[in-house]
Amino acid sequence: MNKNTVPAVLTAALALLLAACQPSQNSAEPATAPASEAAPATKSTIKGSDIRKEDIGGDFTMTDGEGKPFRLSDLKGNVVLLSFGYTHCPDVCPTELLTYSDALKQLGEQAKDVKVVFASVDPERDTPELVGKYAKQFNPDFIGITATEGQSLPVIKQQYRVVSAKVNAQESDNYLVDHSSGAYLIDKNGEAAIFLPYGAEPDAIAADIKTLL
């Protein structure tokens, strides 16, 4: 599959979920994968969209809250919930991160095998220290990352079909960033497996995570 071709199900989902700082535009029903693309073993249990046959994801390097290189591949052996957003997001990003924290609580002991990663789409303002502290406000185990010199955020966004754009950028630092919401579940082998739409409930997220543990 051409890497520049967005799967139909995610094209629709991302179009509806863009403008993540404007929740009134995010009321779409959760996207569902075509039946032909769902894995038979988990077809009846997955709440999000099965994307294992799509050309989405891959390893990348950004910078964590301690200023150290963060590689997605370093988390192999864990299920990773990967979310994109920014620290100045007024409502949607905080709501999502609180939801992910609640989902982990439902996993009990299994939560130790799950990593939540919050990747900034606003590296101009989100320094490693800022995004690191921001993510940990929601859960001390959450990992906040951002792009620093030599790291290509546009390439990473393309890998995960993330769209973002500044709003009112002429107002110095007082701008918003409209961006794709939702998150990806990465399996223990580092492969993107499930897309979780914005608005997914903690119990549904926890159930999807369990299918990958």
Side-chain angles (χ1 to χ4, degrees), residues 3-4 6 10-11 13-26 56-75 80-101 115-186 190 192 195-199:
K3 287 187 70 67
N4 294 321
V6 182
L10 288 183
T11 299
L14 292 178
L16 290 169
L17 294 173
L18 185 62
C21 290
Q22 302 173 29
S24 62
Q25 297 184 29
N26 290 302
I56 296 174
D59 196 17
F60 61 82
T61 300
M62 293 179 74
T63 302
D64 68 17
E66 297 181 355
K68 298 177 181 179
F70 167 91
R71 298 175 184 81
L72 185 64
S73 57
D74 290 341
L75 298 182
V80 178
L81 189 158
L82 175 63
S83 173
F84 291 85
Y86 68 115
T87 65
H88 290 73
C89 185
D91 38 43
V92 173
C93 294
T95 298
E96 287 191 316
L97 289 170
L98 284 171
T99 299
Y100 304 150
S101 183
K115 303 296 182 184
V116 175
V117 178
F118 179 73
S120 175
V121 295
D122 185 23
E124 293 179 27
R125 293 182 296 183
D126 288 346
T127 63
E129 181 181 11
L130 178 59
V131 73
K133 289 182 176 179
Y134 178 81
K136 291 184 183 302
Q137 289 183 79
F138 300 92
N139 187 299
D141 293 325
F142 283 8
I143 302 169
I145 59 176
T146 190
T148 56
E149 186 176 358
Q151 297 169 351
S152 179
L153 181 60
V155 171
I156 297 168
K157 287 167 57 179
Q158 182 181 30
Q159 286 177 260
Y160 287 88
R161 307 296 187 255
V162 173
V163 180
S164 66
K166 291 182 182 179
V167 179
N168 298 324
Q170 69 275 13
E171 297 182 10
S172 185
D173 287 340
N174 298 318
Y175 58 84
L176 296 176
V177 180
D178 284 351
H179 62 91
S180 309
S181 58
Y184 293 96
L185 288 182
I186 314 298
F195 174 73
L196 302 169
Y198 173 72

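Distance check: L82 CG to I143 CD1 gives 10.5 Å after rounding to the nearest 0.5 Å. One finds the CD1 atom of I156 at 7.0 Å from the CZ atom of F84 (value rounded to the nearest 0.5 Å). Separating the CG atom in N168 from the CG atom in L176 is a distance of 7.0 Å, to the nearest 0.5 Å.
One side chain, Q151 or T148, offers a donor N or O that lies under 3.5 Å from an acceptor on the other. Between the side chains of D122 and Y175, a donor-acceptor pair is found at a separation under 3.5 Å.
A147 approaches P123 most closely through the heavy-atom pair O-CB, 3.4 Å. For A192 against G57, the heavy-atom pair with the smallest separation is CB-CA, 4.4 Å. Residues V131 and D126 share a closest heavy-atom pair of CB-CB, 4.4 Å. The nearest pair of heavy atoms linking G85 to C93 is CA-SG, 3.7 Å. The two residues I145 and D64 come nearest to each other via the heavy atoms CG2-CA, 4.0 Å. For G182 against S83, the heavy-atom pair with the smallest separation is O-OG, 4.0 Å.
Within the 4.5 Å cutoff, no side-chain heavy atoms of L75 are placed close to those of I186. Counting only heavy atoms from C-beta outward, the side chains of F195 and I56 never approach each other to under 4.5 Å. Between Y86 and T146, every side-chain heavy-atom pair lies at or beyond the 4.5 Å cut-off. Within the 4.5 Å cutoff, the side chain of V162 has heavy atoms near those of the V121 side chain. Using a 4.5 Å heavy-atom threshold, the side chains of C89 and H179 count as touching. Looking at E96 and F138, their side chains never come closer than 4.5 Å, going by heavy atoms from C-beta outward. Proximity of M62 to L153: side-chain heavy atoms (C-beta onward) are separated by under 4.5 Å at one or more points. Looking at E124 and V177, their side chains never come closer than 4.5 Å, going by heavy atoms from C-beta outward.
Of the possible polar contacts, none joining the S101 side chain to the L97 backbone as a donor-acceptor pair under 3.5 Å is found.
Heavy atoms of other residues, nucleotides or ligands lying less than 6.0 angstrom from NZ of K115 number 12 at most.
Ring pair F118/Y134 is tilted by interplanar angle, where 30° to 60° counts as tilted. By the 30° and 60° cut-offs, the orientation of the rings of F60 relative to Y160 is perpendicular.
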Inset, instruction - Check step by step if side chain to side chain contact (heavy atoms under 4.5 Å, CB included) holds for V80 and L72. - result: CA-CA 9 Å; V80 178; L72 185 64; 4.1 Å; yes
